[in-house]
There are 2 protein chains.
Amino acid sequence: MATPTLAEQIAKQLRHEILLGELAPGASVGEREKAQQMGVSRTPMREAIRLLAQEGLLVLRPSMSPIVADPTLKQVEDDLTLIRALEVLSGELACKFASADEIEAIRGLQNRMVEHAAANDMLAFFETDMGFHRAIAQASKNERLDEMHGQLLSRLWRVRYLSARQAWDRSRVLTQHNLIVEGLEARDADLVKQETDSHILHIQRNIQGHFRKDCPSLKTMERQA
Amino acid sequence: MATPTLAEQIAKQLRHEILLGELAPGASVGEREKAQQMGVSRTPMREAIRLLAQEGLLVLRPSMSPIVADPTLKQVEDDLTLIRALEVLSGELACKFASADEIEAIRGLQNRMVEHAAANDMLAFFETDMGFHRAIAQASKNERLDEMHGQLLSRLWRVRYLSARQAWDRSRVLTQHNLIVEGLEARDADLVKQETDSHILHIQRNIQGHFRKDCPSLKTMERQA
DNA sequence: AGGCAATTTTTGGTATACCAAAATGATAAG
DNA sequence: CTTATCATTTTGGTATACCAAAAATTGCCT
């Protein structure tokens, strides 16, 4: 049974559709409809929906179809506050426990980001960025921490992707990442913590700007009315 | 549909059995067997099992019955490291955002703990202790943070309960809690952070001692061999 | 025309049946 | 006595059928 379970495949597919916007925020995802549409039975579809709900990408409602999450600015900010704390902790632990190889690999990711920025490859740049943060969480050698961080990151994937489009500050990202990597290489926990904190705070500001521009999610406001 | 779903009731029951030790760590919980035993079908039992697995109380194994989790010291320490960070953050945010009523309620919990300690009511003392920490997380007004903190806390419930039996230091707990409450009342984030950090560190030491005494879980060692 | 009520439809929740893969145990060969 | 292999059994995974509750619709009554 080395092959991933069907529910997991469905979850992966759904996650993909949600994060890429093929399934718009607020869209209903009835387990019957979606199951038939994807040619599977309700059981694994149900399980996949639960998985994504747990990840925060879907919201379950009593006696109604689950809908694609459309987080408010407050919710995103809360998530970012949380992820900030987790990444600061990750950085601290990684300074203690990361192997030289792992730090080298992180440096490698940073280098790849430089290349992608030079090549103006937005998507690759972004995905490597996510990988960079994931790698640090893994290097903390704290499995739960890594787990929760990954969950939070996937929850924020879409909004970070959208806000990162206005990439006036790719160079800032690279500079900050560079400081973080240097901190890790020097095993300087204070430096890593400080720079990580600052880095996430900047991301938070970017996202706030993004929300203001796009007008606080029309659909959300309508639903609240 | 105000009544909790059957799967949730099963999960609640199972959680109860696990935390109280009626289901020993390492015990197998096949969905067929347990479902028949509880007089329900496999479907909600399956869902309940997934819920508890997500909470970390059960561990899923490919093509084998799930078993009751029997965390290693390292895993518990990782969880505590994480919860320490989350509670420090909670305390900081609570200083900013908690209402006066909420802080008063937290003070009330502290007073109840004093009474329970005086009455030598272990269980009530412990449960109020848990409520104390939950209340601070809630007062942070960060829903995700509260959510994750609750999850982590329930995961650690059993080991904390067991280690808290050797309650030579109930007075220490009360003293530390008192400092935390005073910090909240004074909205002194630094004090709250510092005392929370210290408090959890002490708990961590207690639990380490508990593990050493009880000999690092025989069953775990056998299974690893 | 507007609101209310009965009915219809859709929803998730649950039970059950079936399947394929993997663990287990028995058995035979070395 | 050990080991390899084959049959059996048990497991979780999946599909399907049924149910009850709640949402949505229709049409009636005011």
Side-chain angles (χ1 to χ4, degrees), chain A residues 1-15 17-18 23-70 219 222-225, chain B residues 1-15 17-18 23-70 219 222-225:
Chain A
M1 212 177 272
T3 138
T5 175
L6 182 53
E8 285 165 349
Q9 301 177 40
I10 297 172
K12 186 174 179 178
Q13 168 67 18
L14 271 180
R15 189 164 22 229
E17 292 182 9
I18 292 173
L23 272 172
S28 118
V29 186
E31 55 183 63
R32 268 179 225 274
E33 179 188 0
K34 200 67 189 173
Q36 183 173 3
Q37 173 183 332
M38 293 185 58
V40 299
S41 84
R42 279 181 61 200
T43 314
M45 174 60 69
R46 179 185 176 79
E47 195 166 322
I49 287 175
R50 299 310 168 112
L51 282 172
L52 295 198
Q54 156 63 26
E55 289 180 16
L57 293 180
L58 294 179
V59 309
L60 273 45
R61 311 174 297 179
S63 292
M64 267 184 283
S65 291
I67 58 177
V68 177
D70 187 11
K219 288 181 297 301
E222 287 166 4
R223 200 175 314 119
Q224 286 173 347
Chain B
M1 208 177 274
T3 134
T5 177
L6 181 54
E8 285 166 349
Q9 301 177 41
I10 297 172
K12 185 174 181 179
Q13 168 68 16
L14 272 180
R15 189 167 20 232
E17 291 182 10
I18 294 173
L23 270 172
S28 116
V29 186
E31 52 181 64
R32 265 179 231 275
E33 180 186 2
K34 201 68 190 171
Q36 183 174 2
Q37 174 183 332
M38 293 185 58
V40 299
S41 84
R42 281 180 62 202
T43 313
M45 175 60 70
R46 180 185 175 78
E47 197 168 321
I49 287 176
R50 299 310 169 109
L51 281 173
L52 295 196
Q54 155 64 26
E55 289 180 16
L57 294 180
L58 295 179
V59 309
L60 274 45
R61 312 174 297 177
S63 291
M64 267 184 285
S65 291
I67 58 176
V68 178
D70 187 11
K219 289 181 295 303
E222 286 167 4
R223 199 174 317 119
Q224 286 173 349

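To find a chain, count down the sequence lines: A is the first, B the second, and so on, and within it residues start at 1. The figures here come from the full heavy-atom set of this structure, side chains too, leaving out hydrogens, waters and symmetry mates.
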Provide, to the nearest angstrom, the distance between the [atom1] atom belonging to [X] and the [atom2] atom belonging to [N].
| X | N | atom1 | atom2 | value |
| --- | --- | --- | --- | --- |
| A:Met45 | C:dT11 | CE | P | 13 Å |
| B:Ile10 | C:dG13 | CD1 | C1' | 11 Å |
| A:Lys34 | C:dT10 | NZ | C1' | 18 Å |
| B:Glu31 | D:dT14 | CD | P | 11 Å |
| B:Leu6 | D:dC19 | CG | C1' | 14 Å |
| B:Ile67 | D:dG12 | CD1 | C1' | 15 Å |
| B:Glu47 | D:dG13 | CD | C1' | 15 Å |
| B:Met64 | C:dA20 | CE | P | 21 Å |

For [N], does either OP1 or OP2 sit under 4.0 Å from a side-chain N or O belonging to [X]?
| X | N | answer |
| --- | --- | --- |
| A:Thr43 | D:dT14 | no |
| A:Arg46 | C:dT11 | no |
| A:Arg42 | D:dT16 | no |

Are the side chains of [X] and [Y] in touch, meaning some heavy atoms are under 4.5 Å apart?
| X | Y | result |
| --- | --- | --- |
| B:Glu47 | B:Leu6 | no |
| B:Leu58 | B:Ile18 | yes |
| B:Arg46 | B:Arg50 | yes |
| A:Leu60 | A:Ile49 | yes |

* Under 4.0 angstrom, heavy atoms only, what part of the nucleic acid is A:Thr5 near: base, sugar-phosphate, or nothing? -> sugar-phosphate

* To do: Classify the nucleic acid contact of B:Ser65 as base, sugar-phosphate or nothing, counting any heavy atom under 4.0 Å across all strands shown.
  => sugar-phosphate

* Under 3.5 Å, is there a donor-acceptor pair linking the side chains of B:Gln13 and B:Glu17? -> yes

* Asked: What nucleotide among D:dG13, C:dT16, D:dA15 has an atom nearest to a side-chain atom of B:Ser41?
  -> C:dT16

* On DNA chain D, check which nucleotide each of B:Arg32 and A:Gly39 is closest to and give me the residue with the more 5' one. => B:Arg32

* Considering only heavy atoms and no angle criterion, is a donor-acceptor pair shorter than 3.5 Å present between the side chain of A:Ser63 and the base of D:dA21? -> no

* Asked: Do A:Arg61 and C:dG12 have a side chain to base donor-acceptor pair shorter than 3.5 Å?
  -> no

